[in-house]
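These notes concern the structure reproduced below.
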Amino acid sequence: QRFDRYREVAQQLLAAGQAYHCYCSKQELADMRAGQMARKEKPRYDGRCRHRTEPVPGVAPVIRFRNPESGQTVVHDQVHGDIVFENTELDDLIIARSDGNPTYNFTVVVDDMDMRITHVIRGDDHINNTPRQINIFRALGVEPPQYAHLPMILGPDGAKLSKRHGAVSVMQYREDGFLPEAVLNYLVRLGWSHGDQEIFSREEMLALFDIADVNKSASAINPDKLLWLNQHYIKTGDAARLGTELGWHLERLGVRVADPAQLAAVVRAQAERAKTFKDMAAASRFFFEAPQEYEPQAAAKNLNAETLPALRDVRERLAQLATWSASDIHAALEGCVAALGLKLGKVAQPVRVAVSGGTVSPPIDVTLEILGRDATLARLERAIRHAEAGNG
RNA sequence: GCUCCCUUCGUCUAGAGGCCUAGGACGGAGCCCUCUCAAGGCUUAAACACCGGUUCGAAUCCGGUAGGGAGCGCCA
C-alpha cells in the first residue's frame, strides 16, 4: 500500500537533512509541555534532538520534520487572503511514529504531491495545519497547491455541529422527508451567495459558484429555511417523480398504495400544505385507506343531527353525478348549499370529516375527485350512520 | 496560556468610500383572500459589536478593545 511510499519520502527527507530522528520519551515530552504551559508559552517541541548524532540504544526513534527556524510562511488563502505565520511558532512535527507509520500531516502532503493536487478546499479548522504542510512541500521541492478554507457550519444554536445537532447522515434527510435539491440549495447558500438569489438549480450552482464569493464567517443552520426550500421544491417539482417519493414514505407508514397513479394527484393537491414528505404522507393516508375512526371533536361537531340533512343531500347529488370531476363535484356541493340555504362551510366540513376522519384536507372538491366516487359514497354512508347513531 | 481565524436584522446574506433613510430571504406581527388547513398577495417590526483614527464623506480603509471559533498529539 502507500506506506512504502511514505517511508520512502521520509527517508528522502532524512537523507537531505530536512528531517531527523528524535529519541525523546513520551514522559519527557509531557514534562516539556507541562513546563511550557506553566510558563504560559505555547506548548511545542523544543528541537532538542535536532543535532543528535548518535542513536540512543534501545529506543525506537520517531522522525521529525525540520521546520525553518526563522522567517515567515504565508498561506495565500483563496477566501481569507494572505495569512502570515512566524516559522518560530511552528515546531518540528513528527512525520513518522516510532513504529514507522506516517502521521496525518505528512501523508496528506505526500498524497497531494503524488496526485498533483492543484487546489485544497477544506474547513477553516485546518488553517493552522497549512503552514506546516507548506513547509514540507517546500522541503520536498514541490510547489504547494492553492488553498481555500471554508467557514464552518454551526448548529441552530450557534454551537459546533455534533452528533447531537443536525442530521448525522445525509440519508437521514430523506427519511425526514427532504428532497435532495432542497438540501443542496440550502447548503450552497451557507457561506456563499449570488446577489439576492435564493433558488438555485444544480445547473445554476455549477455555473454561478465562485470561490471568490465565499464568506469568511461561520454560519448557523436554520431549519425553518430548509423547510421552506423543501416545500418550494415540492410545489414546483415534477409530480410523477414526487409521487414516487410520497409512495416511499407511505410505505414506511405501512400504508398500501393500491393505485400508484393516484400518487401524483395527491402530491399536487398536498404540495402547498406539506413542508416535508413525511408530513405529507401522514396527512394523506386517508386517500389510500378509510379512516379507522373519526377525530372525536371533529365528529361531534360535524357528524350530528344538525348536519345530517346536508350529508344525505350531498350523497344523493354525488351519486347522481354524470362525471366525477372536481368542477362537477363543486357544482353538486353548491347545489346542496343553495337547496338547504347553508354556507359552503356547513356542507364541506362535514363531508371532509366523513371522508378524511379529520378537519384538514385539500379543497373538498379535489379531495373527492382523487378519492373516487365509490370510496366517497361508502365513507359518506358510514358517516351518515354515525350521525344517526349519535342522534338517537 | 500562546498562535491563527471571525464579527451587518433572531438566522442566511447583499454591500468593493458617496447609489444606504442599510436591500433581499427564512422566521415573526398585521391585513386581504378563503369550504378546513395551507398556499398566495400586501403591509410591518428587526442589524452595520464597541472605541478611536484616515477622509469633505466610512457598514465599507487603518489601529485598538470586547465577544465568538479553531489549532497547539507518536489523532485525523
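Residue numbers begin at 1 in each chain, while the letters A, B, ... track the order of the sequences.
- Taking only side-chain atoms of A:Lys42, from C-beta outward, the nucleotide of B:G40, B:G27, B:C2 with the closest atom is B:C2.
- Judged by atom type and distance alone, A:Arg44 does not reach the base of B:C72 through any side-chain donor-acceptor pair under 3.5 Å.
- Of the candidate nucleotides B:U36, B:C4, B:G24, B:C4 has the atom lying nearest to any side-chain atom of A:Ile83.
- Across B:G24 and B:A66, the matching P atoms stand 36 Å from one another, rounded to whole Å.
- Between A:Asp91 and A:Arg132 there is a salt bridge, since at least one side-chain N of the basic residue sits less than 4.0 Å from a carboxylate O of the acidic one.
- For the pair A:Leu29 and A:Gly191, both in contact range of RNA chain B, the more 5′-proximal nearest nucleotide belongs to A:Gly191.
- Aromatic rings from A:Tyr147 and A:His76 are positioned such that their centres are separated by 6.0 Å or more.
- Between B:A46 and B:C26, the two C1' atoms lie 14 Å apart (nearest whole Å).
- Relative to the side chain of A:Asp196, the nucleotides B:G71, B:G24, B:U13 differ in distance, and B:G24 lies closest.
- You'll find that the side chain of A:Ser98 is closest to B:C74, out of B:C35, B:C74, B:A76.
- When heavy atoms are screened at a 4.0 angstrom cut-off, A:Thr359 is found touching base atoms of the nucleic acid.
- With both ends at atom C1', the span from B:C48 to B:G17 equals 15 Å, rounded to whole Å.
- A:Trp192 places its CH2 atom 17 Å from the P atom of B:A25, with the value rounded to the nearest Å.
- Closest to the side chain of A:Asn215, from the set B:C35, B:U13, B:C4, is B:U13.
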key: Pair A:Tyr233-A:Asn185, side-chain hydrogen bond (donor to acceptor under 3.5 Å, both in side chains): steps then yes or no   = CA-CA 10 Å; A:Tyr233 285 103; A:Asn185 197 148; 2.5 Å; yes
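- Residue A:Pro43 places its side chain closer to B:G1 than to any other of B:C35, B:C74, B:G1.
- Rounded to whole Å, atom C1' of B:G71 lies 10 Å from atom CD1 of A:Ile127.
- Annotation for A:Gln297: atom CD does not count as buried by contact number, only 12 or fewer foreign heavy atoms lying within 6.0 Å.
- Residue A:Met152 contributes atom CE, which lies 14 Å from atom P of B:C6 at whole-angstrom precision.
- At distances below 3.5 Å, at least one donor-acceptor pair connects side-chain atoms of A:Asn304 with backbone N or O atoms of A:Thr307.
- In this structure, A:Phe106 atom CZ and B:C74 atom P are separated by 16 Å, rounded to whole Å.
- One atom, NE2 of A:His149, and another, P of B:G71, lie 12 Å apart when rounded to the nearest Å.
- The A:Phe85 side chain lies nearest to B:C4 when the options are B:C4, B:G73, B:C35.
- As rounded to the nearest Å, B:G67 and B:C50 have P atoms that lie 15 Å from one another.
- A salt bridge does not link A:Glu388 to A:Arg385: none of the charged nitrogens lies less than 4.0 Å from a carboxylate oxygen.
- The pairing partner recorded for B:C33 is none, the criterion being a Watson-Crick or G-U wobble arrangement whose two distances lie under 3.5 angstrom.
- B:U34 and B:G15 are spaced 41 Å apart, taking the C1' atom of each and rounding to whole Å.
- In this structure, A:Asp91 reaches neither bases nor backbone, as no heavy-atom distance under 4.0 Å exists between it and the strands shown.
- Nucleic acid contact for A:Cys336: none, since no nucleic acid atom lies under 4.0 Å from a heavy atom of the residue.
- Comparing B:C74, B:G40, B:A76 against the side chain of A:Asn129 picks out B:A76 as the nearest.
- Applying the 3.5 Å distance criterion, the base of B:G24 shares a donor-acceptor pair with the side chain of A:Glu198.
- Using bins of under 30°, 30° to 60° and over 60° for the plane-to-plane angle, the ring pair A:Tyr294/A:His386 lands in the perpendicular bin.
- A donor and an acceptor atom, one from each side chain of A:Glu69 and A:Asn87, are nowhere located under 3.5 Å apart.
- Taking atom CG of residue A:Asn222 and atom C1' of nucleotide B:U13, one finds them 12 Å apart after rounding to whole Å.
- When the P atom is compared between B:G68 and B:U11, the two are found 15 Å apart, to the nearest whole Å.
- The residue A:Pro362 sits close to a base: some heavy atom pair falls under 4.0 Å.
- Checking B:C74, B:C35, B:A14 against the side-chain heavy atoms of A:Arg33 singles out B:C74 as nearest.
- For the pair A:Ser219 and B:U13, the criterion of a side-chain N or O lying under 4.0 Å from OP1 or OP2 is met.
- The nearest heavy atom of RNA chain B to A:Cys22 and to A:His330 marks one nucleotide each, and the one closer to the 5' end goes with A:His330.
- Between B:A49 and B:A14, the distance separating the two P atoms is 14 Å to the nearest Å.
- Phosphate proximity of B:C6 to A:His80: present, with a side-chain N or O under 4.0 Å from OP1 or OP2.
- Rounded to a whole angstrom, the distance from the C1' atom of B:G57 to that of B:C20 is 13 Å.
- Residue A:Lys301 is out of contact with every strand shown, counting any heavy-atom pair closer than 4.0 Å.
- Computed from coordinates, the A:Ile199 CD1 to B:C26 C1' distance equals 11 Å when rounded to whole Å.
- Rounded to whole angstrom, the span from the CD1 atom of A:Ile221 across to the P atom of B:C12 amounts to 11 Å.
- Across B:C6, B:C12, B:U13, the shortest atom-to-atom separation from the side chain of A:Ser193 is found for B:U13.
- Within the nucleic acid shown, A:Lys346 has no heavy atom closer than 4.0 Å to any nucleic acid atom.
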